2 protein chains.
Amino acid sequence: MSGSRPTIYDVAKKAGVSISTVSRVLNSPNKVNAETRVAVIDTISELGFIPKAEARARALKNLGRIGVITPFFTEPSFVQRLRGVASVLSSSQYELVVFSVDSITNLNSYLETIPLTRNLDGLILISLQLTAEQAERLSKHNIEVVLIEYPMYSLNCLEIDDQSGGRMAANYLLQKGYTNIAFIGTADTVEYGINPISSRLLGFMNRLSESGITLDAHSIHYASHDIEATRVLAKKVLMQPNPPAAIFAATDLQAIGVLRAAKELNLRVPQDLAVIGFDDLDLAEYFGLTTIHQPLDESGRIAAELLINRIQNPDRPAQHIRLPLTLIERETA
Amino acid sequence: MSGSRPTIYDVAKKAGVSISTVSRVLNSPNKVNAETRVAVIDTISELGFIPKAEARARALKNLGRIGVITPFFTEPSFVQRLRGVASVLSSSQYELVVFSVDSITNLNSYLETIPLTRNLDGLILISLQLTAEQAERLSKHNIEVVLIEYPMYSLNCLEIDDQSGGRMAANYLLQKGYTNIAFIGTADTVEYGINPISSRLLGFMNRLSESGITLDAHSIHYASHDIEATRVLAKKVLMQPNPPAAIFAATDLQAIGVLRAAKELNLRVPQDLAVIGFDDLDLAEYFGLTTIHQPLDESGRIAAELLINRIQNPDRPAQHIRLPLTLIERETA
DNA sequence: GTGAAAGCGCTAACAG
DNA sequence: CTGTTAGCGCTTTCAC
């Protein structure tokens, strides 16, 4: 009974269990019988046992840390994606470290230091772009990366087909018999992000023109990506002579701006004005918004699973996964 | 053979020496032939080799680590709070580790284990309760704790005065001249959470009765805490003979359920039905919802700041901070 | 649900 | 000076 630090063996002996059980109590407590667990925990604190970090690191196959870089503050969609990531990590052996980014400088400094300190097993980037050099550095330092919503040949990517999403929206409106149609999108070019809006518009226009409808400049409008700005714009659009009977908003948030404008003008939705969005945020449901659903939570889940998979089987080639879009019919169109 | 992090064996092989030599280069460089040393060092940096224990140690020690435990999936309010936390930490020297909890078992195993293995400097619990024992264990292991929305004497806490929030809602409706008023709240007793709903109701009733209005059983309704269930309930309530002219919903989410019911019944808001909520979620603004604002993002920010403060000055006494409520007048009441 | 046993990546004798 | 080898304290299959 000397003064040296107690080890897992001491705990095991005193608690009358094997070291495996003690280890399990520490690392996956729910795999241990509740009574046993309590007993072991008591012994642990009685002995003041603290696992030696170094030994632990040695035995661990990897660091057990996955980072997510996200522009957390801006859009609800990021949160939903993060939620998906969290849901798979919480039941895994990985710790979720969140880096929240609010400028390109900020992002770059993360991207520089992470490979150097190498204290992450993997990295998920949500709607953020990186340069070829940054990508190379990460892979050179054996840090697995999954990109959500930014395609890059050499890395694992999760994407959607924005263009075909646009087509779906057009198709739906055409089926409903609309011909007097407008588009409202985002003028923003977020410095660190990407802009799928033009793809959505392109698909939308293509499908319309297949039915002989041309979307000219008078039917394409841009506002910055918030509800208020879009509301103002939409109100203007709807007060023109011969206003559109249907509007495709490039995102749900903008669709909500349109909805608010319609309400102010006492337009009935969908009778006087049909509105269709894109994303299917949580709140789309709250508004009864008809929209193009893209898997947001799901994208986070898949990204995390893919990442863990790659960490454990590093030799597999990078995957590009295209997530399916579906049209959700609710009340606004 | 790209993929997982390089080990000392990889370095040894590539440099054409034994692992002992690599180890010596790392630990007692002067015992190694200069040329060999240089070669090994080159290989090390070529491979981006970082001893795992060191990487982990750096990850766990170099910068501070703050954990947030949150029932992430359930409610928008958690997300807003987390956002507040993230905003402070991103510009600090602290790393944000997110633990997302979906059951009481889950929470308890985190709470038991975190002080032992997870090496956190501080912990923020969002709307989660812990036992006296768990609190004690945390402080015994020098982990500072801040509780949001669950009061506990010995720990730092952030609270709001739900009861006075209820009063504010009542006061507002009374001022507007309403007397035929109903309350809709949550029947849920979330197992791991707390239930401030009854406090809100209590304050609400007290203020009403001061004006001679009694809220009897026929005016108090409960549904589970989601929009759909509340919508169904509200519809029933509003179709009764002599339906209420104003409804105080215990949360914004429930208020939105009420709004949807009103819409289905073609009731004009606020002319035919006034609706007031509680929380002031992001989406309250989208709906033009009049509501009691509680500082959500702010609560996260304050919690993080308080935590960092306590970590740096551990001798300060625990603080209980009560956050102010304000009424936000929008369009629904 | 639990224990035995085989590693994990690394350090530190020891021999050469 | 360098390589071989025996552990370090812990995690994690794999049986039972």
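In what follows, every chain begins at residue 1, and chains take the letters A, B, ... in the order their sequences are listed. Nothing here was measured: the structure is a model prediction, and the numbers come from that model.
If you measure from atom CD of A:E54 to atom P of D:dC8, you get 13 Å, rounded to the nearest angstrom. Between the P atom of D:dG9 and the CG atom of A:L26 lies a distance of 16 Å, rounded to the nearest Å. Taking atom CG on B:D10 and atom C1' on C:dC10, their separation rounds to 13 Å, with Å as the unit. In this entry the distance linking CD1 of A:I50 with P of D:dC10 reads 11 Å, nearest Å. For A:F49 and D:dG9, the CZ to C1' distance is 8 Å, given to the nearest whole Å. The interatomic distance linking A:L63 (CG) with C:dC8 (P) rounds to 16 Å, in whole Å. Atom NZ of A:K52 and atom C1' of C:dT11 are 10 Å apart (whole Å). One atom, CG of A:N27, and another, C1' of D:dT13, lie 14 Å apart when rounded to the nearest Å.
Applying the ring pair (Phe, Tyr, Trp, His ring centres under 6.0 Å) test to B:F49 and every residue at least two apart in sequence or in another chain returns nothing. Scanning for side chain to side chain contact (heavy atoms under 4.5 Å, CB included) contacts around A:Q93 gives A:N27, with sequence neighbours left out. With sequence neighbours excluded, the residues satisfying ring pair (Phe, Tyr, Trp, His ring centres under 6.0 Å) with A:F99 are A:Y110. Applying the salt bridge (Lys or Arg N to Asp or Glu O under 4.0 Å) criterion to B:E112, with sequence neighbours excluded, gives A:R37.
Between A:T7 and D:dG9, a side-chain N or O to OP1/OP2 separation shorter than 4.0 Å is absent.
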**OP:** Starting at the 5' end of nucleotides 1-7 of chain C, put B wherever the base has a protein heavy atom under 4.0 Å, S where only the sugar-phosphate does, and a dash everywhere else.
**Re:** SBBBB-B
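Two residues are said to be in side-chain contact when any heavy atoms from C-beta on lie closer than 4.5 Å; B:Y94 and B:I308 meet this criterion.
Sorted by first then second residue, the salt bridge (charged side-chain N to carboxylate O under 4.0 Å, His left out) pairs that include residues 138-148 of chain B, not counting sequence neighbours, are B:E144-B:R310.
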